[in-house]
Structure formats: structure tokens, C-alpha cells
2 protein chains.
Amino acid sequence: MSDDLLTIRQMCDAFEVTPRTLRFYEARELLFPQRRGQHRLYGRSDRARLTLILRGKRFGFSLEQIRQLLELYDPAERNITQTEATLATARDRLADMERQHRELGEAIAELRQQIAEGEASLQNLKSDA
Amino acid sequence: MSDDLLTIRQMCDAFEVTPRTLRFYEARELLFPQRRGQHRLYGRSDRARLTLILRGKRFGFSLEQIRQLLELYDPAERNITQTEATLATARDRLADMERQHRELGEAIAELRQQIAEGEASLQNLKSDA
DNA sequence: GTTCCCCCTTACGCGAACGTCAACTCGCCC
DNA sequence: GGGCGAGTTGACGTTCGCGTAAGGGGGAAC
């Protein structure tokens, strides 16, 4: 299970983010790179987490909401109460995402309709010209 | 076509926003309430626009992106060039939304899976206790 | 040895999206 | 005519998500 480690620069190139962003996520406890001396080294789980972080951001979630979700993917220390709390917030997020998924579907349909109308009125403008 | 007009307070109660928010959206040219003397009055189109604004926000769009989208729904003054530009940005947004819709579907599936695993490990914790 | 280059920490800055507070206007009620 | 309730315009404050210097360590290349 070679866990090929990436430097911060390699991470940035791979995910198109800046070093500042990675250090910021670490400060907010979204990433936990190892240290070799001073330097950070990012392993497999860091890459998986960063993928989820960036996706969560595209959905409009805050970093704090994303952090809570990441707990679910963690092999962290687990007692019953904590696991139940994590599951509860995860179910809340899931409900959010399902609602958003439905709304997004409707919005897409409406936008397609509007674009079609816009294209039609554009044809009118052109034929008048 | 009675366009029953709402005061700012009625708008706020209806949409669960603050007066500050409505005035802010107006300053950013997302809303255009009429004026009766000093006071603002919000009509049918303002309500429609606000609905779209709040939905756009839930999708993680910026107010500026939303403003551009609203142009498409407007009966504004139209020349060919402007209409084409509006349509172009609308098609960009549509592509964004479609990608987001797909990703969201995948993320929902993964999250359901993770929740299921979490529930399973919770059962283990409880049976050990 | 010193010049790069990459990385580090600390810290202040910034735009977005509002919250909050102060001071004013206007209609209305008693 | 004094007060109040709703609305108005600034102006400054706040939180989030980073950007951007400023200053320092350490190795490897010349």
C-alpha cells in the first residue's frame, strides 16, 4: 500500500489550488498532512479529502459544513454518542443535497425554456434588421 | 392583471429575508421595486426575481452570476449584440448547472453509502457495549 | 560562501454578503 | 403637538475564504 506522498507544490498542481489554500484548509482542520521536518507531505487520504472538499465547495457548502461531512469518512476515534451526532448531521446534509438536486433539475428545465425563448426573440430581432 | 404590491416588511415576512437584504439586492441591481414617495413597493416581477435569487444562492452562485441570469428573464431593452451576450452567459450557467446536477447525484449516492457504513459500525459499537 | 529556490510562519488586507447602529422623514392617533 | 411605528439613507462592523507581502530556514548549485 505505497502511499506516495506529494509536496505542497505537487498537490497544488494536481488540484489547481494555491499553497495558501491548502494551509488554510489545514488550519480549519480539513486536511492533516504529515510533516517531514518543517515540510508538509500529502498522502492518499489527503487527496481523497481534498477532492471531497472541492466538490462540496462547488455545491455551495461552507468549509465548516464540509468539515463535519469529512468526519463521516474518517477512521477516527469513535464513541457511540459522537458517531450518532456525525450521522445526524450527515443525514441533514443528505437531505439538503437531495432537495438541491431536485431544485436544480427544475431550474435547469426552466433555464432551458428561457434560453429557447431568448433564441426565438433573437431570430425576430435579426429578421427585422 | 392586479399586481398587488407588497411593502418591504411584507416581502421580508414572505421570503424570510431582512430589509437590509432587499435594499442590498436593489443596490446590486437585482431588484427594482417601485417607489411611492420614499417607500419601496414590490410587485409580481420582484417576487419572481427574488425567488430566483434565493434559489440561485442555494446553488452557490454569486449575486453577480445571478444578476446576469436574471437579465434573461427580463423584458428589457434588447439589441442583437446584448441578447447574444446574455444567451452566451446563460448557456455557460446552464452547463455549470448540468455538471453540478450530475456531480450532486454522484455525491448523494456516495453519502448514502457512507451513512449506511456509519450505521453499521454504530451497531457494532452498541453490541460491544 | 552566496545565490537561488522552495518551504515555513505570522499577519494584515480584501471582496462578498450582509448586520447593526444612528439620525431623519412621514403619516397617524390621541 | 407629542409620540410611535414603519420606512429611509448613510456609515461602519463582521464573517468567510482566501490573497499577499514580510521575514526566516535549509539544501543544492555555482
Side-chain angles (χ1 to χ4, degrees), chain A residues 4-43 46-47 49-71 89 92-93 96 100, chain B residues 4-43 46-47 49-71 89 92-93 96 100:
Chain A
D4 52 321
L5 299 168
L6 300 188
T7 70
I8 197 169
R9 183 102 302 275
Q10 292 170 328
M11 269 301 259
C12 291
D13 292 346
F15 289 90
E16 299 193 341
V17 295
T18 69
R20 178 68 176 98
T21 300
L22 293 183
R23 294 188 196 110
F24 184 75
Y25 291 166
E26 185 180 347
R28 294 304 193 79
E29 303 191 336
L30 293 161
L31 292 176
F32 306 94
Q34 311 171 22
R35 294 292 183 122
R36 183 160 54 198
Q38 284 271 73
H39 296 35
R40 282 168 245 264
L41 288 177
Y42 298 86
D46 292 305
R47 295 195 288 277
R49 294 170 74 89
L50 185 51
T51 301
L52 290 174
I53 293 167
L54 297 178
R55 193 166 64 182
K57 284 201 55 182
R58 283 197 296 275
F59 300 156
F61 290 143
S62 73
L63 292 184
E64 174 56 23
Q65 290 177 323
I66 294 171
R67 195 191 59 75
Q68 290 176 15
L69 264 185
L70 285 175
E71 285 181 21
T89 68
D92 286 355
R93 285 288 143 273
D96 286 354
Q100 195 169 328
Chain B
D4 52 319
L5 299 169
L6 300 187
T7 70
I8 197 169
R9 183 101 303 276
Q10 292 170 325
M11 270 301 260
C12 291
D13 292 347
F15 288 90
E16 301 192 338
V17 295
T18 69
R20 178 70 176 97
T21 299
L22 294 183
R23 290 193 274 261
F24 183 76
Y25 290 167
E26 184 178 348
R28 293 306 191 80
E29 304 192 334
L30 293 161
L31 292 177
F32 307 95
Q34 311 171 24
R35 293 292 182 123
R36 184 159 55 196
Q38 285 270 76
H39 296 38
R40 291 167 172 81
L41 288 176
Y42 297 86
D46 292 304
R47 295 196 289 279
R49 295 170 73 88
L50 185 51
T51 300
L52 290 174
I53 293 167
L54 298 178
R55 193 167 63 183
K57 285 201 55 182
R58 283 196 296 275
F59 299 156
F61 290 146
S62 75
L63 292 184
E64 174 56 22
Q65 290 176 322
I66 294 171
R67 196 190 59 75
Q68 291 176 13
L69 264 186
L70 285 174
E71 285 180 20
T89 68
D92 285 356
R93 285 287 144 274
D96 286 354
Q100 195 168 329

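In what follows, every heavy atom counts, from backbone to side chain, and hydrogens, waters and symmetry copies are set aside. Throughout, a chain's letter reflects where its sequence line sits, starting with A, and its residues are numbered from 1. Keep in mind that this is a model prediction, so the values were computed, not measured.
One distance of note links OG1 of A:Thr7 with CG of A:Asp13; it measures 8.0 Å at 0.5 Å rounding. The line from OH of A:Tyr25 to CZ of A:Arg20 is 11.0 Å long, rounded to the nearest 0.5 Å. Atom CD1 of residue B:Ile8 and atom CE of residue B:Met11 lie 9.0 Å apart, to the nearest 0.5 angstrom.
Under a 3.5 Å cut-off, the side chain of A:Asp46 and the backbone N or O of A:Gly43 do form a donor-acceptor pair. A side-chain donor-acceptor contact under 3.5 Å links B:Gln100 to the backbone of B:Phe59.
As rounded to whole Å, 18 Å separates atom P of D:dA6 from atom CE of B:Met11. Residue A:Ile53 contributes atom CD1, which lies 12 Å from atom P of D:dG17 at whole-angstrom precision.
Taking a cutoff of 4.0 Å between a charged side-chain nitrogen and a carboxylate oxygen, B:Asp96 and B:Arg93 qualify as a salt bridge. One finds no salt bridge joining A:Glu26 and A:Arg23 here, because no Lys/Arg side-chain nitrogen approaches an Asp/Glu carboxylate oxygen to under 4.0 Å.
Just one residue in the list B:Gln65, B:Glu64, B:Glu71 forms a side-chain hydrogen bond (donor to acceptor under 3.5 Å, both in side chains) with B:Gln68, and that residue is B:Glu64. When the options A:Asp4, A:Leu5, A:Leu50, A:Leu22 are evaluated for a side-chain contact (heavy atoms from CB on, under 4.5 Å) with A:Tyr42, the one that passes is A:Leu22.
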Summarise protein proximity over nucleotides 7-14 of chain D in one line of letters, 5' to 3': B for base, S for sugar-phosphate only, - for none, counting protein heavy atoms closer than 4.0 Å.
SBB-----
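An OP1 or OP2 oxygen of D:dC18 is reached within less than 4.0 angstrom by no side-chain nitrogen or oxygen of A:Thr18.
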Show me the protein contacts with nucleotides 21-23 of chain D, counting only N or O atoms at under 3.5 Å.
none

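Where DNA chain C meets chain B (any atom under 4.0 Å from a heavy atom), the bounding nucleotides read 5' to 3' are C:dA17 to C:dT20.
The environment of CZ in B:Arg35 is crowded: more than 12 heavy-atom neighbours from other residues, nucleotides or ligands sit within 6.0 Å.
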